[in-house]
Amino acid sequence: MPELPEVEVISRGLAESLEGKTIESVKILNHSSVKMPWYLFSSRVAGEKITRVHRRAKLLIMDLGEDLHITFHLKMTGRVLAHEGPTTPETHTRIVFGLTDGSSIEFHDTRKFGEVRALNNDELQEWDFYKNLGPEPLEVTAEELAGRIVGRKAQIKGLLLNQSVVAGCGNIYADESLFRAGIHPKAKASDLSKESLVKLFFELQAVLKLAIQENGSSIRDYVDAGGDAGGFQNSFKAYGKKGEKCPDCGKVFEGATVAGRSSTFCSDCQKMKD
DNA sequence: AAAGTAGCCTGGAAGC
DNA sequence: TGCTTCCAGGCTACTT
């Protein structure tokens, strides 16, 4: 499930192979992947040059000239792959972009949760989801991020997953940063000191940077733009470790649903309040 | 305001 | 073996 580091790695890979290339054709194999009238999507995109590939939160964005952007939200199983030649569609191939140099881009998405759009500048800025995104966690300080949730009564994990609080954090990096900061996922932000919250976001930043260095985390479906797996899953300390022993104290990791997500934590090392 | 839940999907794993 | 059930999870919408 791609979160910020995975989308960042995909974006960097695609930027290298796609910037400067021109889209010639669009073949939509699954219409529900395109969250706008399909003919509008196709007609907007065909013939345009890919000027830049970048990322905002978990969105992969391809700029087409000055006033058009393809946005990919990969959700759980989406992949965007750059092929040197044409794409031979498989069962889960949802969209194929043919490029004028004979190469192609494949949007592959087993579970069809992914969402693709082609928006002009105004539409992008007015899109509620985009408009409400919080800051990029690697572009502001941990203090600034902590300041956004000081005193809030919600569970800390829910706040981390809330894209309008901080952009790009998902279940993996939420569990990992909470463990590293020694904070229980059900702790209320208002029960934690500013210092603890700063520590939490500092750990989130550290874990995101580390994951980008390791090419992302591969669990189930994630691969980078070239189809290769990441390596950060080997560095998980808490995520998915329910039933295993905490590396710090030896107590067995517990599991619970928090903010609607499966969560793993050590009830000894992770505190509910300061 | 916060929190719980259903729904969207599919396939791999676990259980019987 | 073969069937059924469970689970994963980003995000929205709706209810409590």
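Just so it is clear, the model here is predicted, and its values are computed rather than measured. In the text below, chain A, chain B and the rest are named by the order of the sequence lines, each starting its count at 1.
Distance CE (A/M76) to P (B/dG12): 16 Å, rounded to an integer number of Å. We find that NE2 of A/H73 is positioned 16 Å from C1' of B/dC9, with the value rounded to whole Å. Regarding A/N162, its CG atom lies at a distance of 10 Å from the P atom of C/dC11, rounded to whole Å. To the nearest angstrom, P of B/dA3 lies 14 Å from CZ of A/R261. In this structure, A/L161 places its CG atom 9 Å from P of C/dC11, rounding to the nearest Å. In this structure, the CG atom of A/L133 is 8 Å from the P atom of C/dC11, given to the nearest Å. Taking atom CG of A/D109 as the reference point, atom P of B/dT10 lies 10 Å away to the nearest angstrom. With rounding to whole Å, A/K58 atom NZ is found 10 Å from C/dT12 atom P.
Taking every side-chain heavy atom of A/N171 into account, C/dG10 is the closest of C/dG10, B/dC9, C/dT12. When distances are taken from the side chain of A/Q163 to each of B/dA2, C/dA8, C/dC11, the shortest belongs to C/dC11. Candidate nucleotides B/dA2, B/dC9, C/dT12 were compared by shortest atom distance to the side chain of A/K153, and B/dA2 ranks first.
A 4.5 Å side-chain heavy-atom check between A/I149 and A/F201 finds at least one atom pair inside the cut-off.
At B/dA1, none of the side-chain N or O atoms of A/R152 fall inside 4.0 Å of OP1 or OP2 (strictly under the cut-off). A/K112 has a side-chain polar atom (N or O) that falls below the 4.0 Å cut-off from OP1 or OP2 of B/dT10. Residue A/K188 places none of its side-chain N or O atoms closer than 4.0 Å to OP1 or OP2 of B/dA2. The phosphate of B/dT10 has neither OP1 nor OP2 within less than 4.0 Å of any side-chain N or O from A/H92. For A/S262, a side-chain nitrogen or oxygen approaches OP1 or OP2 of C/dA8 to under 4.0 Å.
A donor atom on one side chain and an acceptor atom on the other are found under 3.5 Å apart for A/N121 and A/D67. A donor-acceptor contact under 3.5 angstrom links the side chains of A/S263 and A/K157, judged on distance only.
No engagement by A/S32 is indicated, since no non-hydrogen atom pair under 4.0 Å with the nucleic acid exists. Counting non-hydrogen atoms under 4.0 angstrom, A/Q155 reaches the backbone sugars and phosphates but no base.
Between A/K75 and the choices A/E3, A/E6, A/E115, the salt bridge (charged side-chain N to carboxylate O under 4.0 Å, His left out) rule is met once, by A/E115.
Expressed to the nearest 0.5 Å, how far CD1 of A/I23 lies from OG of A/S42 amounts to 10.5 Å.
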